[in-house]
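One structure is given below, encoded as structure tokens.
Sequence lines set the chain letters: A, B, ... in the order given, protein chains first and strands last, and positions in each chain run from 1. Computed from heavy atoms alone, side chains included, the values below leave out hydrogens, waters and symmetry copies.
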Amino acid sequence: MKITVQTETFDLNAEVAALHRNNPSVGAVASFLGTVRNESGQVSAMALEHYPGMTEKALSAIVQEAQTRWAVIDATVIHRIGPLAPCEPIVLVAVACAHRGDAFAACEFIMDFLKTRAPFWKKETTADGGQWVDARDSDETATQRWRKPCH
Amino acid sequence: MKITVQTETFDLNAEVAALHRNNPSVGAVASFLGTVRNESGQVSAMALEHYPGMTEKALSAIVQEAQTRWAVIDATVIHRIGPLAPCEPIVLVAVACAHRGDAFAACEFIMDFLKTRAPFWKKETTADGGQWVDARDSDETATQRWRKPCH
Amino acid sequence: MNLKLLYFARLRETLGISREVFTLDAPATVADLLDHLRARCGVWTTELAVERNFRVAVNQEMANASTALNDGDEVALFPPVTGG
Amino acid sequence: MNLKLLYFARLRETLGISREVFTLDAPATVADLLDHLRARCGVWTTELAVERNFRVAVNQEMANASTALNDGDEVALFPPVTGG
């Protein structure tokens, strides 16, 4: 498992290759790349703040939970912090499994929990100054659907 | 939309960059990389046969169906044919959307239909000679779950 | 009518043929074509038996037994697909 | 007992503080700590009002109002997270 919080960007090829490591049991790598959106055309920059220490713990716990639910061979989570320009990569989650069903589910699970449980905060810079991004209800809804049914 | 059937390998970075194209509406790229498995250690090579003409049509139809179901900004499907060694990449499906829910769903939908509706056939080479890979029931099951409910 | 028949993967190897032109009286469906092919006996009868798991595409679209055939159609026979 | 309080993102800016050491009588819960902070009045009362949407972590794990506090605990207050 690789969990990294860093200011610099990352290389998708290198990360997927490091995750796969020519392991012949791996048949499926699902990955998610999140990038800075600027739909309004108003965002000149974004800054990511986080809670050092808790971030890494929270991400590790999320990946470990995914590993108990699906047959995950290995997983990588990289989240950037600091200033970012529109279109720049923010986050990479990549999961290697034998089969695609496990890889897709684990990757989406990790992203959904990262969005609501990992202590990162986005602040957008526009001509009007800085504005903290509001949490979206849809992210909490996405997280809730992974709840296991009661027995 | 980019649909390619090719013998040579592909570059994940280049494909994702071409798909994203610095479009500030894109916030999410979900991708799937399928690689040649060799769990038994017996597979020395794999060969992919396909049905030229129908393959491209089938893949285009699958991506178009995904575009009617989710808010897909752009999508890329690359499938390799010919001889492949264990651990080599076979298939790439990458989908760019504004939000991750659409990207994950469309990417998994395309893979599930590719697995059961696109005319590719795998043949593994072992010490005993060539062996056509059998279709898996679980792939058909994965496809069926995307059926829309009747109204 | 003349049909262009194509065979792929395991079926191509077992039947020992990758393509042929086949002449059939119109009107006819995929089921009629399969009956004629099974009448060749041997591997044709066993490989194309109703209970065997194979697929038929007409003009590069998935078809079924009742799909009507027309002069010049391209009809492909192949096992369930296993790409990806 | 002494608590190490941390504030992040919008809360850090609005409250005008990023960290402090806070002394509180034991035993105490997160709810008790919040009551003491609200008693500072002004933005403290409005930002930490029960109906406001904020989160509390104790020793880097998500906590709730009834979470017990111990001497030396690190307590962080922050808005709902928005990474990814």
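Annotation: residues 74-88 of chain B contacts chain A through Cys87(B) [non-hydrogen atoms, separation under 4.5 Å]. Contacts of residues 104-120 of chain B with chain A at a heavy-atom distance below 4.5 Å involve Phe104(B), Cys107(B), Glu108(B), Met111(B), Asp112(B), Lys115(B), listed in sequence order. The contact list for residues 126-142 of chain B toward chain A, using heavy atoms and a distance under 4.5 Å, reads Arg136(B), Asp139(B), Ala142(B) by residue number.
With respect to chain A, the highest number of heavy-atom pairs below 4.5 Å among Asn13(B), Val91(B), Asn38(B) belongs to Asn13(B). For the options Pro89(A), Gly101(A), Ala94(A), Ser31(A), heavy-atom pairs under 4.5 Å to chain B are most numerous at Ser31(A). The residue among Ala28(A), Ala14(A), Gly34(A), Ala30(A) with the most heavy atom pairs within less than 4.5 Å of chain B is Ala28(A).
The salt bridge (Lys or Arg N to Asp or Glu O under 4.0 Å) check on Glu56(B) picks up nothing, with sequence neighbours excluded.
Pairing each heavy atom of Ser25(A) with each of Arg37(B), the nearest pair is O-NE, 3.6 Å.
Of the atoms belonging to Val93(B), not a single heavy atom falls under 4.5 Å from chain A. If you measure heavy-atom distances from Val26(B) to chain A, the contacts under 4.5 Å come from both the backbone and the side chain. Using a 4.5 Å cut-off between heavy atoms, Ala98(B) touches chain A through backbone and side chain atoms alike.
Partner Leu12(B) forms a side chain to side chain contact (heavy atoms under 4.5 Å, CB included) with one of Asp11(A), Leu12(A), Val29(A) and no other, that one being Leu12(A).
Within a 6.0 Å radius of CZ in Arg145(A), other residues, nucleotides and ligands contribute more than 12 heavy atoms.
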